[in-house]
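Everything below concerns the one structure shown next.
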Amino acid sequence: ATLRMAWAQDATGLDPHKQTAFSSLRLLELIYEPLVRLDADLKIVPGIAQSWEFSADGKELTFKLDPKAKFQNGDAVTSADVKASFERILDEQTGAANRANYLSIEGIEAPDAGTVVFKLKQPDAPILTAMTDTNSSIVPASEIAAGTIGTKAVGSGPFKLERWDPNSKEVLVANKDWAGGPTGVEGIEISVLPDESAILAAMRTGQVDFALLNDPLIATLVPNEAKLQLNRAPVLAYHVLQLNPARKPMNELAVRQAISCAVDRQAVLDTASLGEGKVTGPLTMPVYASDPDSLFCYKRDVEKAKKLMADAGFADGFTATVIAATGEPPTAASEAQVLQSQLAEIGVKLDIKMMELNVYVDTWLKGDFDMAVALNGGRPDPYTMYNRYWTKNGNLQQVSNFADDTLDTLLQQGRAETDPDKRKVIFADFEKQLAEKSPWVWLYTSYGYTAQQKNVQGFVPMPTGSLYSLGKVTLQQ
Amino acid sequence: MKPILSVRDLRVSFGRAPNAKEVVHGVSFDLGVGEVLAIVGESGSGKSVTALSTNRLIDYAGGRIASGSIELLRADGSVADITTASAQELTKIRGAEIGVIFQEPMTSLNPVLTIGAQIEEAFRLHRGLTGKQAKAAAREALERVRIPDAERRLSATPDQLSGGMLQRVMIAMALACNPRLLIADEPTTALDVTVQAQIMALLSELRRETGMSMIFISHDIGLVAGIADRVMVMQDGRAVEQGKLGQILDDPQHSYTRHLLHAVPHFSAGEAVRADAKRAGEAPAKPALAVDDLVVRFPLKRGWLSRPFGAVHAVDGVGFDLLPGETLAIVGESGSGKSTTARAVLGLVSPTRGAFAVDERTASPGQSRLPVQMVFQNPYASLNPRLNVEQILAEPVIAAGQRVDATVLVRMRKLLKQVGLPEDSLSRYPHQFSGGQRQRLCIARALMLNPSVVVLDEAVSALDVSVQARVLELLVDLQREYGLAYLFISHDMAVVERIAHRVAVMFAGQIVEIGDAKSVLSNPQHPYTKKLISAVPTIERRNQRFELDTRQVPSLVRPIGFEPPAARWLERGDDHKVRAEA
Amino acid sequence: MNYLIRRLAAFPLVLIGVSVVVFVAIRLVPGDSITAMLGTEAGLLTPQQRQSLATYFGIDQPWIVQYWRWFTGLFSGDLGISVTYGKPVLTVILERFPLTLELALLSMLIALAIGVPAGVYAATRNERPADLGVRIVAMIGQSTPSFVVGLILIYLLSVGFGVLPTMGAFTPLWQDPLQNLSQMILPAFTLGCAFAASVTRVSRSAMLDVLSDDYVRTARAKGVPERKVIWRHALPNALVPVVTLSGIEFGYLLGGAVIVEQIFALPGLGRMVLEAILQRDYALVQGAVLFIAFNFMIVNLLVDLAYAVLDPRIRLEGR
Amino acid sequence: MRILKSIFAHPSGRIGGAIVLVYLVIALCGAFGLTPHDPLMQYRIDRLHGPSASYWMGTDLFGRDVLSRLMQGVGQSFTVAFFSVASATIVGTVLGLTAAWYGKRWDTVLMRLMDVLLAFPAILLALLVVTIVGPGTWTSVAAIGIVYTPIFTRVVRGPALSLKTRDFVDAARTFGSSRTYILTRHLLLNLVAPLTVQVTLALAWALLTEAGLSFLGLGTQPPAASLGLMLSDSRNLMEQAPWLLAFPALAIMLSILGFNLLGDALRDILDPKTRRA
Ligand SMILES: Nc1ncnc2c1ncn2[C@@H]1O[C@H](COP(=O)(O)OP(=O)(O)OP(=O)(O)O)[C@@H](O)[C@H]1O
Ligand SMILES: Nc1ncnc2c1ncn2[C@@H]1O[C@H](COP(=O)(O)OP(=O)(O)OP(=O)(O)O)[C@@H](O)[C@H]1O
Ligand SMILES: [Mg+2]
Ligand SMILES: [Mg+2]
């Protein structure tokens, strides 16, 4: 049987090393495989690699590859392919999205066809988590040499891409050679239905078996239908109000804290997302997350906020502009409006400026805003997730505009530490500091939604939003 | 013998019940078999409404027959009351038993259907002919109205034929099924005199041939005289008088009939020209306007790069002079270049060649601001509907760079009074005036700046006869008072006779004859002038047989660089010369 | 013939104008293909990486050079390569065009089939209740935004009747006509609604004008039955404004009906261009807009030719 | 005055005029804050309330009063429609007039330029303008204005060409009236009729376009309301809160209906060709 699937946003390209859009990853992870992957509990499990181990000094990481792993062109996956793939990622010319995570790699060795050794300049615990990313997928060395990555999709995953009409449909067929065993369906046909209410309509009439939903307003309607089932998974991505500490008056700690105290995070969640989600601190992965209530000002306290404002000399408030992207996420405009109304209570007058996504990204990357409503992607590892913003030489320093010695130190410590328990302590401190210094106001994490007909069996929702388990899904007649 | 049509106490009204407005108030008449009844009367007197009631076409114009009866003697001898006939019955009667010809041949034919299709339709509907037969019948019908090359014309669309031709097509169509009654509603009003004569000739000939009856509507008594057996005079929706043609013309009983007969300028072949000729005797004054060798050509272009391949010689070597206080009339048929001459004099088209002098001030071609003013043909089109009278009269003053002050206002009032408009006119808008009043306004406007020459292009053609007479009087009075020189363009010979001192006859862009009005009108020399004058209908020419002449006006399109041979003028009197035929 | 040549000769000028406008406009928009692909992750690129991506997307040269390259490519029929689709722009456009064309044709058909008879009927019932009824319905149709019609249609069908034509995967007409029509009928109807309303209003008023013309009176005087008077004599004369309107609307529809395509998930030109803009697929935007403009002009030309066929008085000179 | 009277006498003019008038009043109330509630006030406990005595048209996702927002939205939508049509009218009229008057090369150049704009798909044109400048009220005004300018240019040029050949213009030329005088008094003044009609129709279309732009997220910016934005915000709530879609949709339809009716009436009144007994 073929699984009929629908989503609102289509992939934007096929190069697994370059494409970072959520919509692209959902497609590519069905075709390509990384060395290791994450399971539903965010634990690292085998991918192409059967096993792995760090050397005692933490400067060598060795993988043993699965001998059954085969590319869709029939070739076996060898250490040469792994080496070539990582060299491609590391090559500046490629423009690979994940390159920054691998800067500690000094050399890659392939002692035999089934073994790969990464030599590191320094101990790097998060590197293993980074390798679970679809952006670190292994591609055939032959395709790299031919320069066809991005035009032809040849991976080792459960499905082969047979046909792609961008913004219209994809046809995937089962990969008979898949090392993970036979797939539950013969193929997947994905339709792009840009309007989510149309997706719901199509599911109601039984045209679609499985769909990816973005908009909580639509998702909450699914449980009303007898034949349909809604899958929810908390995700790592977080909704946040980014302040720009380089701009007056957000350069004042008191002002930032006042804003943090004036925000009723639960209300934002309730209104913008119909309560679909959880209030969160900076760390969204369950292993590291602390109880939000223990964080600075997570209980709304308008009086305190007003006092802080007064202390900073802004008793009368001030005016600032907040930017948000149109439709990305769908709740952005709503969040901005709730925040606007909440901050008005302490005299902070927000002007909302909605922007087309690319314009927004451009502005955001330049750090050219007073405040920004954002949905930032999360990573399973705190260091990978935040080093870009809060280390002094983080790549997105110009976005966060906030360099802080304590935060920097904590992150460096966490990176080098390989003992999980010690890491937890370090990052708990990091989270507390971050919430208190309030460069940003973290709001909530939402759910990743998928909707399915009840006869679809075996789908496991993932916090990363991954649809990888579609490989094992079956259709009951 | 029973009359073919018997109308009793016909009342027709427009509009819905409460606001219904009756426009025909109880008209009765009988029409004998083979008889021609003329209905005359001024515009709006109800002529058309009466006629269109006889086949109930009036229903479609929003009218309703309120009461009365219309009895039609049908071909099978039965009598049908049109007022109560069913829609089905009416479609059988229309076209088959009652044919109609309308005033505007240009708009009365369907522009998107070929002539052939439109004529064939009548045969299909009433004779059941189809295919080849219908086509052959249509061709025959066209031949019957003397259309040359009928076969080819069948596939032409109306825009490809001239007005005269189209009216013939209309007649062919109306007569296709040999109706026993033909209604001709002002069938020649839109046509040139010469063409009018041809159509009239055709109608009388066909009538003799077929013996049909006819209702002939016209406001031109002269025209009626040529064809009618009986006349009915209408005024304000009533038939004020009816009787035999002779009786009405020679012994009118009703005052309105007398007024109508009196007001209409009758052409009398130069007998009625003005007596105050300027050129008689003493040394002529300096001309107010002198035109010498005026040439206007409109280039014709074609092809990729719009290369000119020829030109319309609209005006070719026209020259004349005009003394103060004198009227020169330019006559000629449509397209002969009359208006173009006037427009060139006014600087509205730039002449290809030629010189003007106004009050001896020469002007280069294309330059306006000479003391020449113009009165246009259509009083409705020549006044900006959005300006009030004060603004309209002020325009020439503003254009001349003067202030609109108290003295200007005084002059406005004076002129308004002189042209016979009420005191309070200044604040009114053009739509609040009748056609005649508007033309007076135009005249007043033309006089605002004390011009020495006034060009009047068909200035009275659009007006009702009695209004026409009054405007002509006004023009003469003003001419006397201000010593104005008039360049008077018209195709109506009777009007020309009344106002012109001199007459110039234009044919195909050239003046073919020019001279003293009396001399030209009474003793025309050029063949074209002769034809023109013989075509003018008058009440003297009763039941006259018009000559049929189907020649076409020559084309004015000439190849590039073509120059006509120099004119040779033959003197035919003191002030009367004629162009020698090449 | 001449006229055709002259009109066609003006095409390149207008197209160059269009191409310059779109070329400049799309580049004035902040963001580029790189941010469109990587989103916020684009910030992680080193300058060197960025440079090589710029080369990959062909946006590393000054505008003038880019334009010239693109412009000279036009002459060999090369509109560039779409970075989203990884295919030549022309191929992408031509894949989308049949749907757009079909949708436009269908909605025009629906509009004319409803609008013209309704307009004619209303005109013959001038100012009577039937006329007012038709006019009010037409005005309501004209004043309802198409997305409202579309959303409500989908909702009613899916919830009320539990049926819905297949959405997303589009079946071309030549593959499965029935399936294709079932997919197209709703969007065509949605678009056709407002279109039909305009046609109704225009044909009504044109018909009213024509019915008071002299030649209609002539036809009646000939004894032509009323039905024939209306359909054979009056209607052809009333068609010019209807053709004008249909031409304009059709021309716009050929540019794609963004919103309706979005709601009904049709892979048409409109959505393609919208997405190309959002994804900063410069070559595709340029090519598509040029293509749409070209179609628009062809339609205009056809409309002018149609005038000449409909009405022999209209000469194909100037405009 | 005369016009107002005739509008009142015309059946569809009466209805259309009344509707437009009511909307103007609503728009003014909305603009001056004369609304039952503060349109921005978020009554959190009353989120997504159906129509009731205190909220006649219910509340939205944020607990804001829909009626108040609708009133403000009407003002906003009308502002966009009014200014965009006004600018298109002014620019289009000037261009159309000069094209008709000077003719020749100027006409050719101008009309080809208008062709370029016309050939550009309208929604794309608006889209590009909006993405370049960033969305907002005045951007919408500019975008819609640019889209309508070529239409007005054509609407003016056609009749201006024929007016140019009318007798009263010829008469003016024989007096030697200045170009500006002729252009303003004789041409422009007589174009008022077709322009008025076109303006009312364009207003209706501008309302629709504004709605379309807002639907794509390119129009009015939150938290301000416009009819189109309210529609687009509510479409995914169509099932939970149908009133959120119904009222703005009705409001849009009714306003466009009003403008169309008024436009029809004005055409009947001002255009002598369609003036019938
Ligand atoms: N469709 C109509 N609706 C209302 N009134 C009309 C209509 N047609 C004619 N009338 C009125 O009926 C009266 C008679 O009109 P009719 O056309 O019969 O005049 P006429 O004698 O033929 O004039 P003309 O010489 O101008 O043709 C006029 O007062 C006119 O205003
Ligand atoms: N602008 C123009 N371009 C080309 N040909 C023209 C133009 N104006 C006039 N003509 C032609 O010049 C000739 C003379 O026209 P004109 O208007 O002077 O005739 P007219 O004697 O005034 O006719 P009417 O009695 O119908 O008014 C006609 O054949 C006409 O078609
Ligand atoms: Mg009459
Ligand atoms: Mg003339």
Side-chain angles (χ1 to χ4, degrees), chain C residues 10 13-18 20-22 25-26 28-31 126-127 132 135-136 138-140 142-148 151-152 155 159 194 201 205 208-209 212 248 251-252 254-259 262-263 269-270 273-274 277-278 285 288-290 292-297 300 319, chain D residues 11-12 15-16 108-109 111-125 127-134 151 158 204-205 207-209 211-212 215-216 227-228 231-232 235-236 238-239 242 245-246 248-249 252-261 264 267-268 273-274 276-277:
Chain C
L13 270 180
V14 175
L15 288 178
I16 288 179
V18 170
V20 170
V21 173
V22 64
I26 181 77
L28 280 178
V29 183
N126 190 13
E127 296 297 337
L132 291 180
R135 285 167 66 192
I136 287 175
M139 280 197 195
I140 291 175
Q142 217 177 7
S143 47
T144 315
S146 59
F147 54 88
V148 173
L151 285 175
I152 293 178
Y155 179 75
V159 172
R201 297 185 59 197
S205 86
L208 272 182
D209 281 348
S212 64
I248 292 176
Y252 281 141
L254 277 191
V258 183
I259 293 174
Q262 177 117 0
I263 292 176
L269 273 186
V273 181
L274 179 69
I277 292 179
L278 298 183
V285 175
V289 170
L290 207 62
I292 291 170
F294 180 76
N295 283 336
F296 188 82
M297 291 163 70
N300 264 341
R319 251 206 277 189
Chain D
S12 60
I15 304 173
T108 316
V109 168
M111 292 325 283
R112 289 296 88 77
L113 223 94
M114 292 302 124
D115 282 352
V116 169
L117 285 185
L118 266 184
F120 225 95
I123 195 87
L124 284 186
L125 198 61
L127 202 104
L128 278 178
V129 175
V130 174
T131 21
I132 293 172
V133 191
I151 297 175
W205 283 108
L207 282 174
L208 272 183
T209 314
F215 184 83
L216 294 173
L227 295 179
L231 273 185
S232 90
R235 68 202 184 97
N236 282 351
M238 188 166 81
E239 296 177 34
L245 185 75
I252 276 204
M253 278 166 61
L254 209 62
S255 65
I256 293 174
L257 192 68
F259 278 120
N260 277 337
L261 283 171
D264 271 14
R267 179 168 45 209
D268 285 355
K273 194 170 171 251
T274 54
R276 274 176 216 96

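Just so you know, these numbers use all the heavy atoms, side chains as well, and skip hydrogens, waters and symmetry mates. Below, chains carry the letters A, B, ... as their sequence lines are ordered, and counting in each starts from 1.
Interface remark: C:L151 contributes backbone and side-chain atoms alike to the contact with chain D (heavy atom separation under 4.5 Å). Using a 4.5 Å cut-off between heavy atoms, D:L261 contacts chain C through both its backbone and its side chain. For D:M238, the part sitting under 4.5 Å from any heavy atom of chain C is the side chain, from C-beta outward, and nothing else. Heavy atoms closer than 4.5 Å to chain C are found in both the backbone and the side chain of D:L257. For C:V22, the parts lying near chain D are the backbone and the side chain together; criterion is any non-hydrogen pair under 4.5 Å. For chain D, the nearby parts of C:V14 are the backbone and the side chain; heavy atoms of each come within less than 4.5 Å. For a residue to count as touching a neighbouring chain, one of its non-hydrogen atoms must lie under 4.5 Å from one of that chain's; by this rule C:V18 touches chain D with backbone and side chain alike. If you measure heavy-atom distances from C:I277 to chain D, the contacts under 4.5 Å come from the side chain alone.
The distance from the CD1 atom of D:I256 to the CE atom of C:M139 is 12.5 Å, given to the nearest 0.5 Å. D:I151 contributes atom CD1, which lies 7.5 Å from atom CD1 of C:I248 (distance to the nearest 0.5 angstrom). Between atom CG of residue D:N260 and atom CZ of residue C:R135 there is a gap of 11.0 Å, rounded to the nearest 0.5 Å.
The minimum heavy-atom distance between D:L118 and C:Y252, with the atom names listed, is CD2-OH, 3.7 Å.
Of all the listed residues (C:G255, C:A25, C:P30), the one sharing the greatest number of non-hydrogen pairs under 4.5 Å with chain D is C:A25.
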